[in-house]
Amino acid sequence: MTSLIDTISCQSDYDPNALPVKRAQELILSMITPVSGVERVFVRQALGRVLAQDAISPINVPAHDNSAMDGYAVRHADLSADASVTLKVIGTVLAGHPFAGELKAGEALRIMTGAVIPPGVDTVVIQEVTQVQGDTVIIPAGQKLGQNIRRAGEDLRANHAAISAGKLLRPAELGLLASIGAAEVSVYRKVRVALFSTGDELRSLGTPLEGGEVYDSNRYTMWGVLTRLGCEIIDMGVVPDNPQALEAALKSASENADIILTSGGVSVGEADFIREMMARLGEVLFWKIAMKPGRPMAFGKIGNAWLFGLPGNPVAVMITFYQFVRQSILKLGGQSPVQPVPTFGVPTTVALKKNAGRTEFLRAKLTTGPNGLEVSPAGPQGSGVLRSMSEANCLVILEHERGNVAAGELVQVQPMDGLV
Ligand code: AMP
Ligand code: MG
């Protein structure tokens, strides 16, 4: 079998010292294949999981032709194109209570939304245009044959896939599954992620800081994003910059997880033993990605686990996670197709400095101004300033080739949160 390193490094335009973001994303995604484990879960437990087998509908949805409106069920042949007609109202049909008989010539039935269309009926006239007179109803001219009727199987046909494998199950899909009577579904097992931070300066919460120490915040941001992505998290805490501790952590992680996610220790000036060790334990590539923030990153495989060695700076770790790890988790978790969060063009309120030859990510605020949507940077952009990440509601992505941006120019905005 060809090694990971051979497969990647034979690609044309592969330059580990200045890898464009897009290229790194493509290389990573091309390597990763979905986990094979599948489990059966009840439909409520399926929220946020990925469907592993097509959900085939055993029934037509709707199951019967039914009325789309409240009104009168009629026979179109009784109506006239240019004059109103008077029909005898012989009863009412409610949703859930099908009419026992058949509608005959000259008759109408009052019908409610969702009620089954009785035999003989081919058209529904909305009640707002009709006029009731005693036990008759006057139907105006010009009603169309078949109007206001939802046909059996119009939404879903029996024995066809209601949802295809690979789909993330959101609230709409839970409803759709319920609508075909599916109480259980097959979903991919959760992606297991072993998570640890590296650095002698890191302290866990609950202990006071001594000189030169910082609290380990990366494990909390990463826990947050991994939880939102529905991963099973193996939190391995802080691992000191010490070869034995690190080797033990990487080995144990590789035996228990699909992904090993570390932060810190991958930049060039950093204790080189970390890089050496990662490389010795598996196949690990050290990349300098042409991006800001987040330049150094390790990617590879140790045993059966994918390794993402993210930079240590708190903002860099989040941005590199969003741009590289997120999609990998989606693919590993069985989602297909894997798509990036959509971006859209919005004018920037201020000029932005930008170096061509790298992708730059700004924490920003998307707001509605007098002329519609506009975006502005959210505070200082240093790669350690988590506060501006918190104040931001979107990222501005300044493309690889782009240079300085003038105020008013369109920039690509990627929202951080979606609808539910
Ligand atoms: P490194 O990539 O290990 O050189 O770390 C870069 C910077 O990020 C240093 O200032 C570290 O102290 C800081 N840093 C690294 N890991 C963490 C962490 N888990 N939480 C907060 N800051 C961190
Ligand atoms: Mg470090």
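Just so you know, ligand 1 is whichever comes first in the structure, and atom 1 is the first atom listed for that ligand.
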Q. How does Val238 reach ligand 1, if at all, at less than 4.0 Å between non-hydrogen atoms: by side chain, backbone, both, or neither?
A. neither
Q: With heavy atoms only and a cut-off of under 4.0 Å, state how Pro296 meets ligand 1: side chain, backbone, both or neither.
A: neither
Within the 4.0 Å heavy-atom shell around [X], which atoms of ligand 1 are there?
{"X": "Ser197", "result": "19 (N)"}
{"X": "Glu201", "result": "11 (C), 12 (O)"}
{"X": "Tyr215", "result": "20 (N), 21 (C)"}

Any salt bridge linking [X] with [Y]? Criterion: basic side-chain nitrogen under 4.0 Å from a carboxylate oxygen.
{"X": "Glu360", "Y": "Arg402", "result": "no"}
{"X": "Arg189", "Y": "Glu39", "result": "no"}
{"X": "Asp258", "Y": "Lys190", "result": "no"}

Q: Report the relative orientation of the aromatic rings in Phe308 and Phe299; use parallel for angles under 30°, tilted for 30 to 60°, perpendicular for over 60°.
A: tilted
Using distance alone, determine whether [X] and ligand 1 share an N or O pair under 3.5 Å.
{"X": "Gly265", "result": "yes"}
{"X": "Gly312", "result": "yes"}
{"X": "Arg219", "result": "no"}

Q. Taking atom types as modelled and ignoring hydrogens, do the side chains of Lys288 and Asn17 form a donor-acceptor contact shorter than 3.5 angstrom?
A. yes
Q) Does a donor on one side chain and an acceptor on the other come within less than 3.5 Å for Asp70 and Thr113? A) yes
(Q) Measuring from non-hydrogen atoms of Ser217 to any atom of ligand 1, is the shortest distance under 4.0 Å? (A) yes
Q | Backbone of His76 reached by a side-chain donor or acceptor of Asp122 within 3.5 Å | A | yes
